[in-house]
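In what follows, every chain begins at residue 1, and chains take the letters A, B, ... in the order their sequences are listed.
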2 protein chains.
Amino acid sequence: MTVSVATWNINSVRLRLPLVQSFLESWQPDVLCLQETKCPNDQFPLKAFHRMGYEHVEMHGQKGYHGVATISRFPLEAVEARDFCGIGDTRHLDCVVRTPRRALRIHNFYVPAGGDEPDPEINPKFRHKLDFLEEMRTITADPGGADSVLLVGDLNIAPLETDVWSHKQLLKVVSHTPVETETLEDVRRAGGWSDLIRVAIPPEEKIYTWWSYRARDWDVSDRGRRLDHVWGSPDLEPMLSDITVLREARGWEKPSDHVPVIARFRLDG
Amino acid sequence: MTVSVATWNINSVRLRLPLVQSFLESWQPDVLCLQETKCPNDQFPLKAFHRMGYEHVEMHGQKGYHGVATISRFPLEAVEARDFCGIGDTRHLDCVVRTPRRALRIHNFYVPAGGDEPDPEINPKFRHKLDFLEEMRTITADPGGADSVLLVGDLNIAPLETDVWSHKQLLKVVSHTPVETETLEDVRRAGGWSDLIRVAIPPEEKIYTWWSYRARDWDVSDRGRRLDHVWGSPDLEPMLSDITVLREARGWEKPSDHVPVIARFRLDG
DNA sequence: GAGGGCGTAG
DNA sequence: CTACGCCCTC
């Protein structure tokens with residue numbers, strides 16, 4: 001059977017609920033992982049998801065900032081919402097999805113953006129981002145009690161040269177500086193993770209999941225970055241049937257600056 | 001010939017430009033007086049009005065608050081934007097409209113709302129409103145160099161018992177307290193003004209131009225007030241053909257809390 | 001450029 | 001309830 005998992009930094013789930021609904025209707029993913037929900041748990045639009053057939057929702061949100069949620073057609077158990085860097089924000093949620101044939105563990109992440117200045121000595125937000133990455137080393141591709149494990153979300157780093165519109169121009173721009181790209185790749189490899197977007201789409205090919213709101217014409221200038229990721233335990237690699245980066249979503253009415261990424265797996269149990 | 005003049009507290013002209021456009025398209029008034037444009041002069045959507053055949057626009061606005069504009073198919077001259085109470089806000093604009101047969105002077109007013117507490121001793125906003133009314137005495141129905149004169153706008157007072165949904169319940173509510181209603185009626189009569197809405201619609205009949213945003217269902221509960229006015233020099237009375245209070249506009253998508261009032265005159269020269 | 005928070009205004 | 005300003009974040 002095919003199981004599909006989507007990840008999307010939605011930049012306010014309440015403001016963009018109609019967009020989420022139309023996305024779910026068109027793409028019917030089995031699981032949707034949202035980031036930047038900007039929504040306290042008691043104000044999360046649960047019913048809207050239930051009405052659309054997503055009966056299982058785990059969320060970890062706060063007022064105004066950050067926030068992640070994992071939404072599923074299949075039974076879901078929250079394992080943990082870890083407080084990275086111990087500052088009480090809401091950037092991680094670890095759940096297990098019980099698909100009919102396999103238990104799939106999913107880490108849903110929203111990594112700090114890191115501010116403007118890529119120097120941890122003078123920019124505490126960048127320091128926070130690097131500290132967060134170091135702490136992410138503890139999240140490995142070990143499924144624990146599940147069969148397989150995914151790590152998805154907005155990692156706010158575009159690791160490869162082809163993950164940005166201009167490698168040269170972005171080398172000193174937060175999200176593509178060597179300390180970030182190298183650390184992220186090291187965290188990934190050391191944790192035993194496979195970069196599934198790059199398994200499906202060859203590293204030679206440019207691919208982006210985010211375009212700044214500030215650009216006049218995001219589509220023409222196309223100055224994007226691949227900030228959103230789908231990592232998997234190596235056993236999932238042969239089961240991956242395809243990845244869709246839904247570029248068109250950036251052109252929707254009142255869009256998020258990120259687009260959904262959908263991964264489809266043939267899970268044969 | 002018939003000349004029509006509309007007045008509308010638009011509560012942000014930029015936010016509600018589509019509503020203004022659809023109103024102009026349907027009703028084709030010759031002159032439109034707006035209040036609460038909330039728009040600095042250099043950001044006023046001039047071109048949109050030009051495109052709709054309103055080539056003559058005078059505005060007096062500021063950032064964020066207040067602001068009035070007079071928009072016309074016929075040539076327009078600004079006479080004065082008076083600084084009532086000397087605090088530099090933008091609540092008045094005096095223009096002359098050159099209709100083919102008559103010069104029509106129009107005072108466009110946005111009177112201070114006055115805050116919650118109807119006591120000038122403890123509420124400086126109410127003090128300001130009363131001071132403003134006193135200063136309005138200097139604006140009389142004298143056409144000056146023009147043939148006739150109008151005073152239109154949001155006067156933030158409902159003078160008659162039939163200008164509110166409940167006279168009794170509003171006697172202590174700012175907009176319908178005796179000091180306000182009596183002062184306004186005195187300013188009007190002493191200035192030689194005719195209350196043209198009440199010339200067209202008998203004082204026995206309830207008529208409102210404003211419904212609070214706070215009410216759940218403005219149409220059913222119908223707790224409105226007549227805060228917007230069209231006053232004229234007495235010579236205009238026999239020329240008044242009708243007044244329309246466009247109640248339906250309160251039900252439009254993302255409406256202003258005020259509706260347009262349109263006065264039609266047979267100006268025979 | 002576009003969210004959110006808050007406070008102020010209507 | 002709605003729209004602003006200001007300040008913050010991304």
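- Aromatic ring centres of A:His107 and A:His92 lie closer together than 6.0 Å.
- For A:His176 (side chain) and A:Ala158 (main-chain N/O), a donor-acceptor pair under 3.5 Å exists by modelled atom type.
- Remark: A:Arg223 is positioned above the aromatic ring of A:Trp165, its terminal NZ or CZ atom under 6.0 angstrom from the ring centre and at most 45 degrees off the axis.
- OP1 or OP2 of C:dA9 has at least one side-chain nitrogen or oxygen of B:Lys125 nearer than 4.0 Å.
- In this structure, CH2 of A:Trp8 is placed 15 Å from C1' of C:dG3, rounded to the nearest angstrom.
- One can place CD of A:Glu253 at 15 Å from C1' of C:dG1, the figure rounded to the nearest angstrom.
- Judged by closest nucleotide on DNA chain C, A:Asp257 is the one of B:Tyr213 and A:Asp257 placed further toward the 5' end.
- Of the side-chain N and O atoms in A:Lys38, none sit less than 4.0 angstrom from OP1 or OP2 of D:dC10.
- The phosphate of D:dA3 has OP1 or OP2 within less than 4.0 Å of a side-chain N or O from B:Arg16.
- Residues B:Lys63 and B:Leu15 each lie close to DNA chain D; by heavy-atom proximity, the contact nearer the 5' end of the strand is made by B:Leu15.
- In this structure, A:Ser12 reaches the C:dG4 phosphate: one of its side-chain N or O atoms is under 4.0 Å from OP1 or OP2.
- Note on A:Glu117 versus A:Lys125: no salt bridge recorded, every NZ/NE/NH1/NH2 to OD/OE distance being 4.0 Å or above.
- Side-chain proximity of A:Tyr65 to C:dG10, D:dT9, D:dC10: nearest is D:dT9.
- Look at OH on B:Tyr110: it is 11 Å from P on C:dA9, rounded to the nearest Å.
- Regarding A:Gln62, its CD atom lies at a distance of 12 Å from the C1' atom of D:dT9, rounded to whole Å.
- No donor-acceptor pair under 3.5 Å is formed between the side chain of B:Lys206 and the backbone N or O of B:Thr162.
- One can place CD of A:Glu36 at 10 Å from C1' of C:dG4, the figure rounded to the nearest angstrom.
- Rounded to whole Å, atom P of D:dC8 lies 13 Å from atom CG of A:Asp116.
- With C:dG10, C:dC6, D:dC10 as the choices, the nucleotide that has an atom nearest any side-chain atom of B:Asn156 turns out to be C:dG10.
- Side-chain nitrogen and oxygen atoms of B:Lys254 include at least one within less than 4.0 Å of the OP1 or OP2 phosphate oxygen of D:dA3.
- Atom CD of A:Gln35 is separated from atom P of D:dC10 by 14 Å (rounded to the nearest Å).
- For the pair B:His66 NE2 and C:dT8 C1', the computed distance is 11 Å after rounding to whole Å.
- For B:Arg214 against C:dG10, a side-chain N or O and a base N or O form a donor-acceptor pair under 3.5 Å.
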